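Just so you know, ligand 1 is whichever comes first in the structure, and atom 1 is the first atom listed for that ligand. Fair warning: this is a prediction, and the values are worked out from it, not measured in the lab. For the numbers below, each heavy atom of this structure counts, side chains included, while hydrogens, waters and symmetry mates do not.
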Amino acid sequence: MFALVGRGHHDFDDSVYEVYVPIYAGGERAGTIVISKPLHDAQGMGRTISILSVIASAAILVGFLYVMVTNYQYNKKLAALAYHESLTGLPNKAYLEHMLETRLEDAPGGKHAVLMTHCLNLSVINSVYGFDAGDRVVRELVRRLESFVNDKCILFHFATNRFVLFVKGYKGPDNLTALVKRMHSALEEPLDSLGVSTGILAKTGIVELNREHSDPAEVFTQALVALQYAEESDLESYAFFDGEMAERLRRQETIATEMRDFLLHNNTDAMYLVYQPKVDPKFQRILGFEALARMNSPSLGAVSPEEFIKIAERQDMIIPLGYWVLETACLFIRDLIAAGHSDIHVAVNISGIQLLHERFIDQVREILAKTGIREHNVQLEITESVLIEGFSHVYNTLNSLRDAGIKIAIDDFGTGYSSLARMESLPVDSIKIDKSFVDSILAHEGRHPILRDLISMAHNLGLEVVAEGVEHELQRRYLLEWGCDILQGYLFGKPLPKQGAVAKLQESFG
Ligand code: C2E
Ligand code: MG
Ligand code: MG
């Protein structure tokens, strides 16, 4: 333990600098070492110390700068990674978000637009040719899109198959339309990287920024809604976000919120099932029902299933909704069996997303076990389009369901792409001929060679044939004559709530 004490004084006219170093031994002070230095030497030492401290400070400064620069470069690299898509090197969604934030703050109301382009068949390319090929295609597309980049247009890789072109200071909507059309044509060119003659089919949603836009998330939602409009349109490949879409968006949000609330708490009658009879063509006796979901929105009134099913699919609610539908239909079957109708079947519509869901088969089993329903009382209706997406997975699922004794029907047959030949290789029990086909019986004044052939070919493949949307006696007679197995339509009864359906069934057998 020691302490240093230093002091200067004059000794024989010579200035001396002394440093006292106390010495302690066994806790007691044993003495002091005095280091003295003439001051002229100390002045020299002071200079040396000054020089050394300058060098040390410089070294510290250099070290500090080095750490700063390395940190800066590291952070820059991190930022670059966070703000750029690694596959294409293009600025990404986070970058766009950041840029929009500042722009909306600094220059609200400037003539700026967000063009969100979806490359529709890119996911198909990935699943058919593999992800490496998909990556090559994406790079090729970026090269094409980069030809649109200039001081007014910035290109962003927004998501796997979506790009955004941010356009600054354009003149009017026509300029944007022209730009989008040129971009689409560029994307449609045959893909060199794949060596195939097909190009990319693209759709674009356009948002023109205005003073009311306050945050990037809102701009993205509007771009996606406009894009969705474009995707649903057969005529146009692009759409501008407008007031009508904003209204539709609000409506969709209301429907989604109410549906979510129903599925979580099940304490309103906002959603319920109705059952439409399926009859035999001759005696018109009820053989089964189709369960159809209904929504009675507390704030909007009746919402059609075509509308709310799509919303449920888009907003990740179709799995719980589908579960509720199947469970409710099974409880209805239990009531029918209790009333003595043990052979009746109830068909339930199943969305493609449900079929592709990994737990679908388990859920079906769970519901049957829970409600005590036998498999032969349940039929599942799937639409043709499902067979195109994720074919092998769907195929395996259908096979397992059928092995378990559940019947599978292809709904809306004749409106999609599948052919009867395809049905032969599929684990399917029946086809439901779409209403549009049945309608055309009237146009052909009761003669319809194609429909007649369709029925007999389906029978040759061992398929049961159901016709839906039968409204007229003429159609019934035609379908009876050509051997259609089951009919469904307003002619025999509209979809009815549970009690009405049971009463109709009793009447049918009364
Ligand atoms: P879908 O499965 O093809 O059902 C037949 C549709 O045609 C039903 O419309 C039914 O009410 C209607 N319909 C039946 N007979 C006639 C008729 O003679 N004339 C006319 N004009 N229409 C008739 P709905 O109930 O509006 O359902 C529309 C579609 O919504 C269904 O078509 C089905 O694809 C879907 N959907 C309904 N409920 C569910 C559900 O629980 N889950 C899923 N995934 N989809 C459902
Ligand atoms: Mg159906
Ligand atoms: Mg149908």
Side-chain angles (χ1 to χ4, degrees), residues 255 259 262-263 270-279 281 284 286 288-296 302-332 345-357 360 363-364 367 378-386 407-416 418 428-442 464-476 479 484 486-498 500-501 504:
I255 293 171
M259 197 163 21
F262 172 81
L263 292 171
M271 308 210 63
Y272 57 98
L273 294 190
V274 287
Y275 304 92
Q276 185 176 33
K278 292 167 79 178
V279 306
Q284 300 172 44
I286 296 178
F289 290 95
E290 175 174 8
L292 295 156
R294 292 287 176 267
M295 180 172 192
N296 187 16
V303 178
S304 90
E306 256 121 12
E307 188 175 6
F308 68 74
I309 295 287
K310 264 195 215 123
I311 296 173
E313 288 180 338
R314 239 182 269 128
Q315 305 224 12
D316 295 333
M317 276 183 278
I318 195 68
I319 302 295
L321 177 66
Y323 191 99
W324 171 79
V325 169
L326 187 60
E327 191 178 20
T328 310
C330 284
L331 291 172
F332 173 64
H345 75 267
V346 173
V348 175
N349 293 285
I350 301 294
S351 149
I353 297 173
Q354 288 176 270
L355 265 194
L356 290 169
H357 191 248
F360 182 63
Q363 291 188 340
V364 173
I367 292 169
V378 183
Q379 203 175 80
L380 302 182
E381 291 189 8
I382 60 169
T383 50
E384 281 182 79
S385 57
V386 172
K407 292 228 161 62
I408 311 287
I410 300 292
D411 206 352
D412 307 336
F413 190 86
T415 55
S418 48
V428 162
D429 303 275
S430 58
I431 55 167
K432 286 190 87 171
I433 300 175
D434 190 63
K435 180 175 185 300
S436 53
F437 242 122
V438 174
D439 283 347
S440 61
I441 297 175
L442 298 176
E464 177 189 69
V465 182
V466 183
E468 59 180 339
V470 181
E471 292 177 340
H472 302 275
E473 180 56 22
L474 180 72
Q475 292 166 324
R476 183 189 75 84
L479 291 159
C484 190
I486 298 180
L487 307 183
Q488 183 184 341
Y490 293 172
L491 183 64
F492 319 103
K494 289 196 170 181
L496 292 166
K498 188 169 130 179
K504 184 116 185 144

What protein heavy atom sits nearest [atom], and how far away is it?
{"atom": "atom 26 (O) of ligand 1", "result": "P305 CG, 3.4 Å"}
{"atom": "atom 3 (O) of ligand 1", "result": "D412 OD1, 3.1 Å"}
{"atom": "atom 38 (N) of ligand 1", "result": "A293 N, 3.1 Å"}
{"atom": "atom 31 (C) of ligand 1", "result": "L292 CD2, 4.3 Å"}
{"atom": "atom 5 (C) of ligand 1", "result": "E468 OE1, 3.6 Å"}
{"atom": "atom 13 (N) of ligand 1", "result": "Y490 CE2, 3.9 Å"}
{"atom": "atom 28 (C) of ligand 1", "result": "E306 OE2, 3.6 Å"}

Tell me, please, if D412 has any N/O/S atom, main chain or side chain, under 2.8 Å from the Mg ion (ligand 2)?
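It does not: D412 brings no N, O or S atom closer than 2.8 Å to the Mg ion (ligand 2).
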
So, is T383 placed with an N/O/S atom under 2.8 Å from the Mg ion (ligand 2), counting both backbone and side chain?
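Checking T383: none of its N, O or S atoms is under 2.8 Å.
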
From [X] atom [atom1] to [Y] atom [atom2], the distance as rounded to the nearest 0.5 Å:
{"X": "M295", "Y": "M271", "atom1": "CE", "atom2": "CE", "answer": "5.5 Å"}
{"X": "E381", "Y": "S351", "atom1": "CD", "atom2": "OG", "answer": "13.5 Å"}
{"X": "L273", "Y": "L326", "atom1": "CG", "atom2": "CG", "answer": "10.0 Å"}
{"X": "N349", "Y": "I309", "atom1": "CG", "atom2": "CD1", "answer": "7.5 Å"}
{"X": "F289", "Y": "K504", "atom1": "CZ", "atom2": "NZ", "answer": "9.0 Å"}

Options N349, V274, D411, V348, ranked by nearest heavy atom to atom 42 (N) of ligand 1, top entry:
N349

E313 bridged to K310 by N-O distance under 4.0 Å:
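Salt bridge absent between E313 and K310.
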
Are the side chains of Y272 and K498 in contact, using a 4.5 Å heavy-atom criterion?
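Answer no - side chains too far apart.
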
Side chain to side chain contact (heavy atoms under 4.5 Å, CB included) with I318: of I353, I311, I350, only one passes, and it is I353

Which atoms of ligand 1 have any heavy atom of [X] under 4.0 Å away?
{"X": "P495", "answer": "11 (O)"}
{"X": "E471", "answer": "17 (C), 18 (O), 19 (N), 20 (C), 21 (N)"}
{"X": "G489", "answer": "15 (N), 18 (O)"}
{"X": "S351", "answer": "44 (N)"}
{"X": "V325", "answer": "41 (O)"}
{"X": "G469", "answer": "15 (N), 16 (C), 17 (C), 18 (O)"}
{"X": "Q276", "answer": "14 (C), 15 (N)"}

Quick one: the OD1 of D411, the Mg ion (ligand 3), OE2 of E468 angle, rounded to 10°, please.
80°

Less than 4.0 Å between atom 9 (O) of ligand 1 and some protein heavy atom, yes or no?
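No.
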
Is the closest protein non-hydrogen atom to atom 44 (N) of ligand 1 under 4.0 Å?
yes

Name of the E290 atom (N/O/S only) found closest to the Mg ion (ligand 2):
OE2

Among the N/O/S atoms of E381, select the one at the shortest distance from the Mg ion (ligand 2) and name it.
OE1

Atom of [X], atom of [Y] and distance for their closest heavy-atom approach:
{"X": "P277", "Y": "G493", "answer": "CD-O, 3.8 Å"}
{"X": "K278", "Y": "A347", "answer": "NZ-CB, 4.0 Å"}
{"X": "E290", "Y": "K432", "answer": "OE1-NZ, 2.8 Å"}
{"X": "I433", "Y": "V438", "answer": "O-CG2, 4.2 Å"}
{"X": "G322", "Y": "Q354", "answer": "CA-NE2, 3.2 Å"}
{"X": "Y275", "Y": "A329", "answer": "OH-CA, 4.1 Å"}

Below a 4.0 angstrom heavy-atom separation, can you tell me which part of R294, side chain or backbone, both or neither, approaches ligand 1?
side chain

For ligand 1, is there an atom lying under 4.0 Å from some heavy atom of K494?
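Distance cut 4.0 Å: K494 fails for ligand 1.
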
Using non-hydrogen atoms of the residue, decide whether E290 is closer than 4.0 angstrom to ligand 1.
yes

Report the C-alpha separation of K407 and E464 in whole Å, then their side-chain angles, then the decisive distance to 0.1 Å, and conclude whether the salt bridge (charged side-chain N to carboxylate O under 4.0 Å, His left out) test is met.
CA-CA 11 Å; K407 292 228 161 62; E464 177 189 69; over 6 Å; no

